[in-house]
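Note sheet for the following structure.
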Amino acid sequence: MPDHVRTADGRRLRIEIAGDPRGRPVFLLHGMPGSRVGPRPRSLFLYQRGARLISYDRPGYGGSDRRPGRRVADVAEDVARVADALGLDRFAVAGRSGGAPHALACAALMPDRVTRAAAMVGLAPRDARGLNWFAGMAPSNVTEFRTVVSDPERFAAGIIPRSARIRDDPARLLEELRADLTADDRLIVSDNTVRSMLLRNYREALGTSPYGWIDDALALTGPWGFDPASIKVPVLLWHGQEDVFSPASHSAWLAERIPHVTAVLEPSAAHFAALRALPRVLEWLLSG
């Protein structure tokens with residue numbers, strides 16, 4: 001299996017495949033910051049379910065070349081290119097956190113190829129009418145996203161040295177988030193297996209540059225390039241009620257607009273509980 005593919009414009013996309021090589025394909029789109037080696041179910045689980053899990057570094061992260069000015073919608077072109085290189089006609093898509101809007105983009109823009117899509121602890125569009133986008137969001141996230149919108153150059157200037165510090169010591173990112181984690185989330189990220197996957201994920205994500213993170217934030221807060229209401233394939237929205245990084249109201253807004261939607265709200269769960277829910281979400285994706 002190749003470890004990368006080339007896009008039509010010559011960019012390199014680094015990919016990773018886990019599970020059953022002959023299983024049903026599912027793309028797993030990582031968070032922000034994140035990479036192709038982000039948390040996933042154990043290989044035994046994937047083999048038992050007949051799942052072939054495909055991940056790749058979004059442009060600017062890990063081993064993938066940057067695509068300056070990319071929009072959320074541009075993910076569809078890259079996923080299609082990876083699928084073509086692997087000889088896949090139809091596939092499911094899941095995205096967690098910053099990857100969730102990208103999964104919705106694939107569902108909206110490739111209805112003839114995406115069988116089902118899942119968006120976990122994701123955001124709604126920044127221009128979502130009737131949604132107080134910042135309500136329920138941790139002050140640190142509010143400050144960061146407001147800076148992205150009002151002064152992107154200042155945002156980038158802050159992320160560049162922060163990214164270098166996290167690359168050298170990825171545990172710093174979990175420490176930065178710690179004050180905003182619920183007791184349940186702290187328990188999840190303190191699990192040795194999960195913590196090891198997260199640290200490897202952050203180190204790989206920021207190993208070559210900070211621009212995947214920067215471009216993700218710009219894309220998520222800018223025009224997405226598609227309307228979630230246009231999605232025709234079945235969609236699962238999963239959210240924890242206690243999430244302060246991407247508040248549950250964002251999934252509620254999306255659930256009111258996406259036609260064929262199943263919305264799951266876990267009352268006592270928060271952001272990192274999505275890692276615990278991922279095996280059940282994959283089972284739903286494979287059942288369609």
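Using a 4.0 Å cut-off between charged side-chain N and carboxylate O, Arg11 and Asp78 make a salt bridge. The pair Asp216-Arg70 meets the salt-bridge criterion, with a side-chain N (NZ, NE, NH1 or NH2) lying under 4.0 Å from an Asp/Glu carboxylate O. A salt bridge does not link Arg52 to Asp20: none of the charged nitrogens lies less than 4.0 Å from a carboxylate oxygen. One finds a salt bridge joining Arg276 and Asp184 here, because a Lys/Arg side-chain nitrogen approaches an Asp/Glu carboxylate oxygen to under 4.0 Å.
Cluster note: Leu265 groups with no other residue, as no ILVMFWY side-chain heavy atom lies under 4.5 Å from it. Here Tyr47 is tied to no hydrophobic group at all, with no ILVMFWY side chain closer than 4.5 Å.
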(request) Test side chain to side chain contact (heavy atoms under 4.5 Å, CB included) on Leu282 and Val26 and set out the steps. (result) CA-CA 8 Å; Leu282 287 175; Val26 179; 3.8 Å; yes
(message) Could you walk me through whether Arg71 and Asp74 satisfy the salt bridge (charged side-chain N to carboxylate O under 4.0 Å, His left out) test, starting with their C-alpha distance in whole Å, then the side-chain angles of each, then the deciding distance to 0.1 Å, before giving a yes or no?
(response) CA-CA 5 Å; Arg71 304 168 304 157; Asp74 294 329; 3.3 Å; yes
(message) The test is side chain to side chain donor-acceptor pair (under 3.5 Å); show your working for Ser140 and Asp180 and say whether it passes.
(response) CA-CA 9 Å; Ser140 57; Asp180 293 319; 3.1 Å; yes
(request) I would like to know whether Val79 and Phe91 meet side chain to side chain contact (heavy atoms under 4.5 Å, CB included); could you show each step before the answer? (result) CA-CA 10 Å; Val79 167; Phe91 45 84; 3.8 Å; yes
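Ser150 contributes a side-chain N or O that, together with a main-chain N or O of Arg146, makes up a donor-acceptor pair within less than 3.5 Å. A donor-acceptor contact shorter than 3.5 Å is absent between the side chain of Arg12 and the backbone of Val5. In this structure, Asp215 contributes its side chain and Pro68 its backbone to no donor-acceptor pair below 3.5 Å. The backbone N or O of Leu206 lies less than 3.5 Å from no partner atom in the side chain of Ser163, so there is not a single donor-acceptor pair. Panel note: side chain Trp224, backbone Ala124; no donor-acceptor pair is recorded below 3.5 Å. Formation of a donor-acceptor pair under 3.5 Å by the Asp57 side chain with backbone atoms of Ser35 is not found in this model. With hydrogens and angles ignored, the 3.5 Å screen pairs no side-chain donor or acceptor of Ser251 with any backbone N or O of Ala248. Remark: side-chain polar atoms of Arg67 are not paired, donor with acceptor, to backbone N or O of Pro59 under 3.5 angstrom. Proximity of a side-chain donor or acceptor of Thr208 to a complementary backbone N or O of Gly62 within less than 3.5 Å is detected. Looking only at distances, a side-chain donor or acceptor of Ser246 sits under 3.5 Å from a matching main-chain atom of Val121.
Taking CE from Met32 and OG from Ser97, the interatomic distance works out to 6.5 Å, rounded to the nearest 0.5 Å. Atoms CD1 and CD, from Ile214 and Glu153 in turn, are 11.0 Å apart once rounded to the nearest 0.5 Å. To the nearest 0.5 Å, atoms CZ (Arg203) and CG (Leu173) are separated by 12.5 Å.
Taking the ring centroids of His4 and Tyr56, they lie at or beyond the 6.0 Å cut-off. The aromatic ring centroids of Trp133 and Phe145 lie less than 6.0 Å from each other.
Residue-environment remark: CZ (Arg186) exceeds the threshold of 12 foreign heavy atoms within 6.0 Å. Annotation: Glu77, atom CD; neighbour count of heavy atoms from other residues, nucleotides and ligands within 6.0 Å does not exceed 12. In this structure, Arg165 places its CZ atom where more than 12 heavy-atom neighbours from other residues, nucleotides or ligands lie under 6.0 Å away.
Among pairs with a residue in residues 101-127, those fulfilling salt bridge (charged side-chain N to carboxylate O under 4.0 Å, His left out) read Asp84-Arg113, at least two apart in sequence or across chains. Annotation: ring-ring contact (aromatic ring centres under 6.0 Å, His included) contacts involving residues 98-125, sequence neighbours excluded, are absent. Residue pairs meeting the salt bridge (charged side-chain N to carboxylate O under 4.0 Å, His left out) criterion with at least one partner in residues 239-268, sequence neighbours excluded, are Glu266-Arg280.
The side chain to side chain contact (heavy atoms under 4.5 Å, CB included) test with Arg195 is passed by exactly one of Leu198, Leu199, Thr193: Leu199.
Cation-pi check for Arg167 over Tyr202 is not met; the charged atom does not lie both under 6.0 angstrom from the ring centroid and within 45 degrees of its normal.
Checked by atom type, the side-chain pair His30/Ser55 shows no donor-acceptor distance below 3.5 Å.
With sequence neighbours excluded, the residues satisfying side-chain hydrogen bond (donor to acceptor under 3.5 Å, both in side chains) with Glu176 are Arg162.
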